[in-house]
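One structure is given below, encoded as structure tokens.
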There are 4 protein chains.
Amino acid sequence: MSYARKLPGYLVNRFRGWRATHYAENKSWFRHLAQEGQHPRSMLIACCDSRVHVTAIFGADQGEFFIHRNIANLVPPYTPDGDHHGTSAAVEYAVTALKVAHLLVVGHSNCGGVRGCHDMCAGKAPELASGSSFVGNWMEILRPGYEATAEFTDPEARIAAMEKQAVRISINNLMTFPFVKDAVENETLTLHGLWHDIGEGGLEAYDPETDSFASVL
Amino acid sequence: MSYARKLPGYLVNRFRGWRATHYAENKSWFRHLAQEGQHPRSMLIACCDSRVHVTAIFGADQGEFFIHRNIANLVPPYTPDGDHHGTSAAVEYAVTALKVAHLLVVGHSNCGGVRGCHDMCAGKAPELASGSSFVGNWMEILRPGYEATAEFTDPEARIAAMEKQAVRISINNLMTFPFVKDAVENETLTLHGLWHDIGEGGLEAYDPETDSFASVL
Amino acid sequence: MSYARKLPGYLVNRFRGWRATHYAENKSWFRHLAQEGQHPRSMLIACCDSRVHVTAIFGADQGEFFIHRNIANLVPPYTPDGDHHGTSAAVEYAVTALKVAHLLVVGHSNCGGVRGCHDMCAGKAPELASGSSFVGNWMEILRPGYEATAEFTDPEARIAAMEKQAVRISINNLMTFPFVKDAVENETLTLHGLWHDIGEGGLEAYDPETDSFASVL
Amino acid sequence: MSYARKLPGYLVNRFRGWRATHYAENKSWFRHLAQEGQHPRSMLIACCDSRVHVTAIFGADQGEFFIHRNIANLVPPYTPDGDHHGTSAAVEYAVTALKVAHLLVVGHSNCGGVRGCHDMCAGKAPELASGSSFVGNWMEILRPGYEATAEFTDPEARIAAMEKQAVRISINNLMTFPFVKDAVENETLTLHGLWHDIGEGGLEAYDPETDSFASVL
């Protein structure tokens, strides 16, 4: 591991500041969390995008949300083939071990992963479609979302629609996991679909009554 | 998607509060982020654990860190088989598209995933070792870390050592990705291993000179 | 008071959000409440339990309920000995100063205080029975409720029955206060006994005609 | 218990509405709370006043705060005499059984209990000073706060100062409880003093560095 490097100094400095302030002021809570374990109410599945801070937008502090983040907040279909499935493992742990009450899938505007999927499906990104790109292979999960948005002739509008398709597909795929389906049917787990507008600070939620997304405000 | 439910009201209330304060005060930055795209300096790979807030401990605001979170902050070995690999896709996107300068793997204390791996490898968690558990299959990535800590006779000490093994193994696996290895060798990317003590607010970093973890303070 | 600490930052953030939304939208009502004083219609006596939100379940906003919360929603017998009696003081203030029209005692399921009383009375919690535990001494108020439920052989069923005994005993004790008895007899005050099922969202009310609790739905 | 009455119909109606909406949308959380027990991060001690909604101002939902409410948010001194001490029992349960990380004492403006204490100490409320009033005996806990504010010649200013004295005295009294003192010294519990302005939607926190209250905004 000789190629590993020391932590950049500016992060050391900031950590020191956090420890002297936020940690010092909440030490009792951090000790409680360490000694008593975590009891998060919800799991969040969000994008890796640096512009999405799901704890901040929901006023959450340490201990509240169990958070999985991947490219484009996608959940693959249930595939019990023995391979390493990071997303499926996170969902399994949250639902069966932590017994979270809610599972929120949080999509967002300006998603680079969704744009890549659009371009790949439109034949404009051969490097993603080659089969040798992890991003391309991952974004195949969203291909049905490209096909479902054929009515959009404007690429930007189609990409925006695909961002919400990413949320829909993930929730539908979640229901293919037996332990998710069981928990939903037993009413010990609820699923929620959200889409966050970064620039405008907006939040839309999927409304099952209208089968569409609408602002929560 | 009729099984999806409305967003719990307390999250709507909190989001409204965030929008009226934090967003309103930083609107220009959020619009900049939306219009100019993200330019994060670093990628972080951290655990889903609700007690780990990597943005908070590093004083980071929206736009700074591209963040992937999975169970036990693991990176699987390079496996270009065409399947959906969420972690590998996130690393590929960060390194080849965003060209981040640093990639930090952040382990932590009291990790339930690492404990599960220990119990599975010790023959005490047959449900994880059955092959039908996504958590068990995922934690197989850390099995070499169990084997490398055979000198610990106390289970708690071994689990703690395995938490740091998770960081080492992830960094070693990162170097099996050609685009990571190239970027490191070209000195456009540095790798960093960290371990965060939740209860004590500590942070240890892997030091390549001593081949061990030491407090950054 | 040097041991006092700053308010945790997440609560500051959330308060700022409340002030910028809920307060801003209701400022006229809050100013009215401050200038004209409170005129609550009812007093509620409920448990401290974090899972019981009596304002939420009754759709109440600020100004409606004068609320006393203690362990297991108990009212001690009338004891005019000059000591500090917090519950009795709250009842006296509500009935004689605010002249509330209703006084509701709200018990609930899964009550840790009632469980502790059961275990203490059954000889299984010597730490509560020692005389040096404030919880134990407080729960002595409910000892008649243990004795009144001797027909239950299953401990869980007995504990559930004791939760309703806590409501009955409190209401009976309320009638030992001269100012409560007078108000009830003058028909300026009514007493009400309730039991809330947390998990099932249920509410049972004491029905004087049948001398038992029945669902209000 | 023949003097108990049925629940007023408007509360039945509101409860039905809550059950059909808020409960229905959060059923999984309520079941989780019932089955897994409560794990509140903090205890709040607030006034019974109908105008103070501590969950609302902190964006808190069911499960977050263990709440004791009495007249004027007072904590009496440690008095292990075997009597029924409701406040002391609540504190003991929160600190020793629930192991909360924070204990917040929340005072407020326009406090009728504090005004009564002022008038009683100023010789203008003989009915409270008679020894036969539970409110008067309870407010004796705050008498040192009257004496500590002798410099105020304006009664209204003195009453406002006494509202903050109520917070100070409660926190000082909390430290007379051995289990509170131990937890504070072991850094598993922090104490916090707050004062809420109802009409202006303000919040001041006691700052140990300046030994005074200052706005948190």
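Convention: sequence-line order gives letters A, B, ...; per-chain numbering from 1. Bear in mind the structure is a predicted one, so any value in this text is a computation, not a measurement.
- Proximity to chain A at a heavy-atom threshold of 4.5 Å picks out D:Asn186, D:Glu187, D:Thr188, D:Leu189 from residues 175-189 of chain D, in numerical order.
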Are D:His32 and A:Lys99 close enough, and set up right, to give a side chain to side chain contact (heavy atoms under 4.5 Å, CB included), and what steps lead you there? CA-CA 8 Å; D:His32 180 102; A:Lys99 299 185 196 305; 4.2 Å; yes

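- When the shell of 6.0 Å around CD of D:Glu209 is examined, it contains 12 or fewer heavy atoms from other residues, nucleotides or ligands.
- Atom CG of residue A:Leu33 and atom NE2 of residue D:His39 lie 11.5 Å apart, to the nearest 0.5 angstrom.
- Atom CZ of D:Arg143 has more than 12 neighbouring heavy atoms from other residues, nucleotides or ligands inside a 6.0 Å radius.
- At a 4.5 Å heavy-atom cutoff, the contact between D:Arg41 and chain A is made by backbone and side-chain atoms alike.
- Heavy atoms closer than 4.5 Å to chain D are found nowhere in A:Leu103, neither backbone nor side chain.
- By the 30° and 60° cut-offs, the orientation of the rings of A:Trp29 relative to D:His102 is tilted.
- Most heavy-atom pairs under 4.5 Å with chain D: of the set A:Glu36, A:His192, A:Lys27, this distinction falls to A:Lys27.
- Smallest separation of non-hydrogen atoms from D:Ala101 and A:Ser28: O-OG, 2.6 Å.
- Around the CZ atom of D:Arg115, the shell of radius 6.0 Å holds no more than 12 heavy atoms that belong to other residues, nucleotides or ligands.
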